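Since the structure is predicted, the reported quantities are computational estimates derived from the model, not experimental observations. Numbers here are sequence positions counted from 1. Just follow the structure's listing: the first ligand is 1, and inside any ligand the first atom is 1.
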Amino acid sequence: MSVDRRQFLFFLGASARAMALSAVPGCTATATVAGNSRSKMEFVPGENGPFELPPLPYDYDALEPYIDAETMRFHHDKHHAGYTRNLNSAISSYPELQEKSAEELLRNIESIPEEIRKTVRQNGGGYVNHKMFWEIMSPDGGGVPTGAIAAAIDDRFGSFEAFKEEFETAGKTRFGSGWAWLVLKDGNLEVINTLNQNSPLMDGNYPIMGNDVWEHAYYLKYRNDRGEYLRQWWNVVNWEEIDRRYEMAIA
Ligand code: MN
């Protein structure tokens, strides 16, 4: 952090709020904007705000041959970046919403002001869904589930193979754009799909894992064969992270 920025934050009053904001890299404190003195954080619509695009946890080509580098580059740098930018822009005039996590915004989607609700649904959903998506994939992924999630899948679906089939069907039968999910619903595992960027959080369910079945996720490599993409995707699934999400959800 620059000395100027540190001093600026000090003069904000050294409140907990200021300290919290200083930890948000996408949020730029600007004392003077276009010649006007400002005494609060300046959110430039579409440029910055409380939500930051997380970096990919691996290289663009790390998931090859199952997901190609060009798809990853556009998916992260263009699509996910766009959702992030649009979410920040949507809430730029709502300081009370800037205090909340993106997950909180989605859990309370019906209480978001109507004039921005659709934008928050689409872009907040896109922001949170993709944050999870990068983390539940890994170049060291694939294989079979481990830990508590492995036993829970066997209990609920009979076998890992049966679960995979149900999950792939959820992805194939999502007409148009959306996601296939394994969610925790009322304490039970369920396979569902959602339209567009709708998050299971919007229905009070917890997303344990999800696969993006928008064409932007697979079309460069798999063209119109969504089924083949869904089958190959298991090769990059990060069961360690999915087990962590499951254990957190049931805790
Ligand atoms: Mn996507």
Judged by atom type as modelled, is there a donor-acceptor pair below 3.5 Å linking the side chain of His130 to the main-chain atoms of Gly126?
yes
Assess the residue pair Phe167 and Trp234 against the criterion (side-chain contact (heavy atoms from CB on, under 4.5 Å)); give the C-alpha distance rounded to whole Å, side-chain angles, the decisive distance to 0.1 Å, and a yes or no.
CA-CA 11 Å; Phe167 190 90; Trp234 300 111; 3.6 Å; yes
With rounding to the nearest 0.5 Å, note down the distance linking CG in Asn224 to OH in Tyr229.
15.0 Å
For the Mn ion (ligand 1), what is the number of protein N, O or S atoms at a distance under 2.8 Å?
4
Salt bridge present between Glu215 and Arg226 (N-O < 4.0 angstrom):
no
So that I can tick it off, tell me whether Glu114 and Arg117 are bridged by a salt bridge, with the cut-off set at under 4.0 angstrom between side-chain N and carboxylate O.
no
Counterpart residues, side chain to side chain donor-acceptor pair (under 3.5 Å), relative to Glu228 (two or more places apart):
Arg231, Gln232
